[in-house]
Amino acid sequence: MMYPVLGEQLKKELMDILACPICKGDLVLNIVEEDEVEIKSGTFYCSQCKEYYPVEDGIPNLIPPDIRE
Amino acid sequence: MAKIEYKNTSVQFVDNVYEPAEDTFLLTESAFNYIKDGMNILEIGTGTGFVSAVLKNNFEVNIVSTEINPDAAQCARSNDVEVIRTNMFDGLKPIQCFDLILFNPPYLPTTDDEKVPGWINYAYDGGIDGCDAIRNFLDNVCNYLKPNGSIMLLVSSFSGIDYIKKMMESYGFEVYSTSRERYFFEELAVLYGIHKIKNLCKPVH
């Protein structure tokens, strides 16, 4: 069995293990700002649920919109 | 902003975030005995990020954490912890890639009248018997653990140490009590469980 390698590039590889919190489906990442190590801001989109999840200050916010605030 | 210095690590904490306390320190100390360099580690409900920050600064490990409270997620991030804002495992693909998963759950038995306003309630509220978050954790954790991976769970006499040990065993874990300390009002323990039964994610009664 293959496992994701969480190594030096952890912060970007981390994006590979993130899922939509509602359907657990794949997310499409739209990067707004990044550096060599991490994604600073952007959005994840779940095409199944048609929901957007923001990345703010380097923190992916994977809380369903109705309970986010 | 207050700060704690602990094992080569400076951890900041802020209002509306659970402040590192005896339970936090006990889990951290216990983890030192089980962590090996190179491990992939997940911490659920990291709060200030104390446990993850200290482990990251003392071992060559890869640690990611989750946290539902936005103030806590930002606090953990400021403590150089890789954090995902999500409830428990919700925002993670069920990939069995972690060697060790740590959880200091909300364990106080809490009625609706006793709930605290705001996100900080997630740090305390264990439901009527104090075990709601622990059940949710055990229902999901094996989907994220490598075969023979292990978990470390902070438990309290408020929600029943032996009861939770049996609960873990029913999910296919071989369980060891690694630390047990009595404080004024409660006894705390860290239960270390190795997942022995492949693909068993539901309790066996």
Side-chain angles (χ1 to χ4, degrees), chain A, chain B residues 37-44 46 49 52 56 60-101 117-119 121-122 136 140 143-149 198-199:
Chain A
M1 184 182 287
M2 295 291 289
Y3 304 111
V5 178
L6 304 179
E8 285 299 308
Q9 294 300 310
L10 170 65
K11 290 177 180 176
K12 281 193 173 174
E13 290 184 2
L14 180 64
M15 300 302 166
D16 294 337
I17 65 169
L18 301 183
C20 171
I22 299 169
C23 71
K24 289 282 189 184
D26 290 342
L27 296 167
V28 177
L29 174 62
N30 176 32
I31 298 170
V32 174
E33 185 190 356
E34 67 179 327
D35 59 24
E36 311 78 50
V37 182
E38 66 176 357
I39 291 136
K40 297 271 189 195
S41 67
T43 51
F44 284 104
Y45 177 65
C46 174
S47 57
Q48 186 80 17
C49 301
K50 300 188 174 17
E51 293 288 1
Y52 288 93
Y53 300 95
V55 181
E56 295 164 327
D57 300 325
I59 304 173
N61 183 344
L62 298 176
I63 304 283
D66 54 331
I67 60 164
R68 200 169 283 167
E69 299 305 325
Chain B
D37 287 348
M39 278 184 163
N40 288 339
I41 298 170
L42 172 66
E43 186 191 8
I44 298 294
T46 193
S52 290
K56 182 179 170 183
E60 294 292 325
V61 290
N62 303 307
I63 302 187
V64 296
S65 64
T66 67
E67 173 56 51
I68 192 169
N69 176 346
D71 298 324
Q74 282 193 346
C75 181
R77 167 84 181 167
S78 74
N79 287 318
D80 203 24
V81 168
E82 186 63 28
V83 63
I84 301 153
R85 189 176 167 220
T86 197
N87 186 25
M88 306 281 286
F89 299 95
D90 284 358
L92 298 178
K93 282 183 188 160
I95 301 172
Q96 295 174 318
C97 64
F98 293 101
D99 299 285
L100 177 66
I101 301 180
W119 291 102
N121 187 62
Y122 281 94
N136 184 350
N140 290 283
N143 296 319
Y144 300 87
L145 277 179
K146 284 182 183 176
N148 295 313
K198 195 179 174 187
N199 295 329

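Between the B:Arg77 side chain and the A:Ile59 main chain, no donor and acceptor come within less than 3.5 Å of each other. No donor-acceptor distance shorter than 3.5 angstrom exists from the side chain of B:Thr86 to the backbone of A:Ile63, with no hydrogens or angles considered.
Summarising the local packing, OH of B:Tyr122 is surrounded by 12 or fewer heavy atoms from other residues, nucleotides or ligands at distances under 6.0 Å. Sparse packing is recorded around CD of A:Gln48, with 12 or fewer heavy atoms of other residues, nucleotides or ligands lying under 6.0 Å away. Heavy atoms from other residues, nucleotides or ligands lying under 6.0 Å from CG of A:Asp57 number 12 at most.
Proximity to chain A (any heavy atom under 4.5 Å) is shown, for B:Gln74, by both the backbone and the side chain. Residue A:Ile67 touches chain B through its backbone alone, counting heavy-atom pairs closer than 4.5 Å.
Ion pairing between B:Lys93 and A:Asp26 holds under the 4.0 Å rule for side-chain N and carboxylate O.
One distance of note links CG of B:Asn87 with CG of A:Leu62; it measures 11.5 Å at 0.5 Å rounding.
Of the candidates B:Leu92, B:Ile84, B:Asp90, A:Pro21 forms a side chain to side chain contact (heavy atoms under 4.5 Å, CB included) with just one, namely B:Asp90.
Heavy atoms only, all atoms of each residue included: A:Lys24 and B:Tyr144 are closest at NZ-OH, 2.7 Å. The nearest pair of heavy atoms linking A:Asn61 to B:Arg85 is ND2-NH1, 3.2 Å.
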